[in-house]
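Take a look at the structure below.
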Amino acid sequence: MGPWLVPSCPEPKLLTAEDAAEMLKAVILIGGPQKGTRFRPLSFEVPKPLFPVAGVPMLQHHIEACSKVPNLKEILLIGYYQPNEALSRFLVTAQQEFKVAIRYLQEFSALGTGGGIYHFRDQILSGGPQAFFVMNADVCCAFPLLQMLEFQKKHEETHRYIMLGTTANRTQSLNYGCIVAKADTQEVLHYVEKPGTFVSDIINCGIYLFSPSIFEHIAEVFKRNQQDLQLSEENSSWQRTEVIRLEQDIFTALAGRGQLYVYKTDGFWSQIKSAGSAIYASRLYLDQYHVTHPERLAHNKAGAPVILGNVYVHPTANVDPTAVLGPNVSIGMGVTIGAGVRVRESIILHGAVLQDHSCVLNTIVGWDSSIGRWARVEGTPSDPNPNDPYAKIDSETLFREGKLTPSITILGCNVSIPAEVVILNSIVLPHKELSRSFKNQIIL
């Protein structure tokens, strides 16, 4: 299937030889509908990459970081979502705001982190970029793209492929791709995806900078897959040749060959795999706003609600001055918050109504949902250990020993919570009208 273009995408400009020598591109891997399962019920309403984190769609943080890289001429989103109005509208708005060409290229099915970029290699290489970034959409990060570029330019002869790495603790490192690197040069000597035993505390952040020659290595895997398929008798599985994983198929083979290097960041980084991790990611981005977007943070002033810590309030939200918000609260467009309401460590989405004296803690309140007077809606945070500087957020399983794991409470869109009830550690699917209190339940 060919690329799907946003209707208002600007015409490509003719590049001078000087532009072509310096030109960069970025690819953001956005996955598809089957990939957002841990994000349900929120991913029913909006593709996961467009879910608001710290007041803006998750993808916007990536796009803004790319727009600050000089000579980065185009951003390509690769995934297998069907083109839809929400994605189209977001891309048009992002192009206008960040003044960079953005296109969505739709895969015919899930091709893996390497298969997607290989399938669209002609689109990525058109115009002759010197290098291109590849980023996973479900990471939250300070995006040190300029530093990665500088690191590559300092060692142009050898550093053809750069991966971003960060430090994790020994136990949690087993949940990620682990990197063993030379201490002096940062050359990757060994790479193992989710090892069974401890390999290294340096983990893969899912952000890369590649020279175009990476496609030669991906082509080798593609050809090997084709040969393997010819040897097997499963002719119906032709599609398997195109499914290529950067982590297991490419990095493992490149390690120790003097071409793959790691740039280690001390900045914040987290995955956004589940709805619970979105609240933690929101906290990290809100904290960064002090430097990048101070105008997005709410402040205490006369006749306005009490603000504790970092809080984002959309300009169209109607918040009673007796409400208390924060820390780590994000209030979406058109939200109404009544008198005496308390909100902490939560994301309140577009059009929700929190009636007088309700209390919302560690919760995501879905689009157009309402919470009655004096109701209490509360979840259990799944934050990393605050006493361990290298701790990451754990990828919680939904059930443990046959019981629902206590985690943040999620209300899907259009959920109605009556007055004076308590909803604790529960997931409520969209369009539900509750009549009583619930604890540790999934309400279907």
Side-chain angles (χ1 to χ4, degrees), residues 2-30 59-79 90-107 113-137 139 141-164 205-219 246 250 254 259-261 263:
W4 177 65
L5 245 69
V6 179
S8 66
C9 194
E11 286 296 313
K13 294 174 187 169
L14 289 171
L15 296 170
T16 65
E18 191 180 339
D19 280 340
E22 288 294 320
M23 189 181 77
L24 301 165
K25 289 192 183 187
V27 175
I28 305 173
L29 305 173
I30 67 170
L59 261 182
Q60 186 166 319
H61 297 285
H62 297 63
I63 290 170
E64 183 175 345
C66 291
S67 72
K68 291 175 179 171
V69 177
N71 296 315
L72 197 144
K73 303 293 183 189
E74 186 176 43
I75 299 169
L76 300 171
L77 311 184
I78 296 179
F90 168 73
L91 295 188
V92 170
T93 308
Q95 281 188 139
Q96 290 165 349
E97 183 174 348
F98 298 109
K99 308 288 185 287
V100 62
I102 308 172
R103 288 190 295 154
Y104 173 48
L105 308 176
Q106 187 193 351
E107 298 168 302
T113 48
I117 63 173
Y118 186 67
H119 185 74
F120 290 113
R121 60 195 178 280
D122 292 347
Q123 302 284 338
I124 295 168
L125 297 177
S126 71
Q130 181 190 32
F132 61 96
F133 290 98
V134 174
M135 298 184 250
N136 287 311
V139 297
C141 181
F143 298 108
L145 306 183
L146 292 170
Q147 293 92 318
M148 289 173 74
L149 208 52
E150 189 61 32
F151 180 63
Q152 190 192 45
K153 279 185 176 172
K154 268 186 189 170
H155 313 276
E156 245 168 318
E157 297 306 307
T158 53
H159 291 38
R160 296 160 85 183
Y161 318 122
I162 311 290
M163 58 201 310
L164 186 67
C205 291
I207 296 170
Y208 318 111
L209 177 59
F210 294 145
S211 300
S213 58
I214 191 72
F215 289 118
E216 295 166 18
H217 300 285
I218 302 177
L246 280 176
I250 307 301
L254 277 177
Q259 293 181 315
L260 182 63
Y261 288 76
Y263 176 81

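Values below: all heavy atoms of this structure, side chains included; hydrogens, waters and symmetry mates excluded.
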Distance-only check: which donor-acceptor pairs under 3.5 Å involve side-chain atoms of residues 23-30, not counting sequence neighbours?
{"residue": "Lys25", "atom": "NZ", "partner": "Glu74", "partner atom": "OE1", "Å": "2.9"}
{"residue": "Lys25", "atom": "NZ", "partner": "Gln123", "partner atom": "O", "Å": "3.0"}
{"residue": "Lys25", "atom": "NZ", "partner": "Ile124", "partner atom": "O", "Å": "3.3"}
{"residue": "Lys25", "atom": "NZ", "partner": "Ser126", "partner atom": "O", "Å": "2.8"}
{"residue": "Lys25", "atom": "NZ", "partner": "Ser126", "partner atom": "OG", "Å": "3.3"}

Yes or no on side-chain contact (heavy atoms from CB on, under 4.5 Å) for Val100 and Cys66, after CA distance, side-chain angles and deciding distance? CA-CA 9 Å; Val100 62; Cys66 291; over 6 Å; no
Using the side chain to side chain contact (heavy atoms under 4.5 Å, CB included) criterion, which residues pair with Ala94? Sequence neighbours excluded. Ile63, Phe90, Phe98, Ile102
Quick check for you: to the nearest 0.5 Å, what is the distance between Ser67 atom OG and Leu72 atom CG? 8.5 Å
Distance-minimising heavy-atom pair for Met148 and Ile207: CE-O, 3.7 Å
Identify the heavy atoms of Tyr161 and Ser213 that sit nearest to each other, and give their distance. OH-OG, 2.7 Å
Are the side chains of Leu149 and Gln147 in contact, using a 4.5 Å heavy-atom criterion? no
Spatial distance of atom CD (Gln96) from atom CG (Leu91) [nearest 0.5 Å]: 11.0 Å
By ring-ring contact (aromatic ring centres under 6.0 Å, His included) - contacts of Phe143 (at least two apart): His62
By side chain to side chain contact (heavy atoms under 4.5 Å, CB included), which residues pair with Glu150, not counting sequence neighbours? Lys154
Side-chain contact, heavy-atom cut-off 4.5 Å: Leu145 with Met135? yes
Could you state the interatomic distance from CD (Gln259) to OH (Tyr261), rounded to the nearest 0.5 Å? 9.0 Å
First locate atom CZ of Arg121, then atom CD1 of Ile214, and finally report the distance between them rounded to the nearest 0.5 Å. 13.5 Å
Just one of Tyr263, Phe151, Phe133 clears the side chain to side chain contact (heavy atoms under 4.5 Å, CB included) bar with Leu164, so which one? Tyr263
Mind checking whether Gln152 and Ser211 have side chains closer than 4.5 Å, heavy atoms only? yes
Taken in chain and number order and not counting sequence neighbours, the residues that satisfy side-chain hydrogen bond (donor to acceptor under 3.5 Å, both in side chains) with Thr113 are Glu247
Side-chain contact test, heavy atoms from C-beta onward, threshold under 4.5 Å: evaluate it for Leu260 versus Ile250 and give yes or no. no
As an exercise, state the distance from CG of Leu77 to CZ of Arg103, rounded to the nearest 0.5 Å. 10.5 Å
Mind checking whether Phe215 and Tyr118 have parallel, tilted or perpendicular rings, split at 30° and 60°? tilted
Flag, side chain of Tyr104 to backbone of Gly79, donor-acceptor distance under 3.5 Å: yes
d(Ile218 CD1, His119 NE2) to nearest 0.5 Å is 13.5 Å
If you apply the rule side-chain contact (heavy atoms from CB on, under 4.5 Å), what do you find for Tyr208 with Leu246, and how did you get there? CA-CA 10 Å; Tyr208 318 111; Leu246 280 176; 3.9 Å; yes
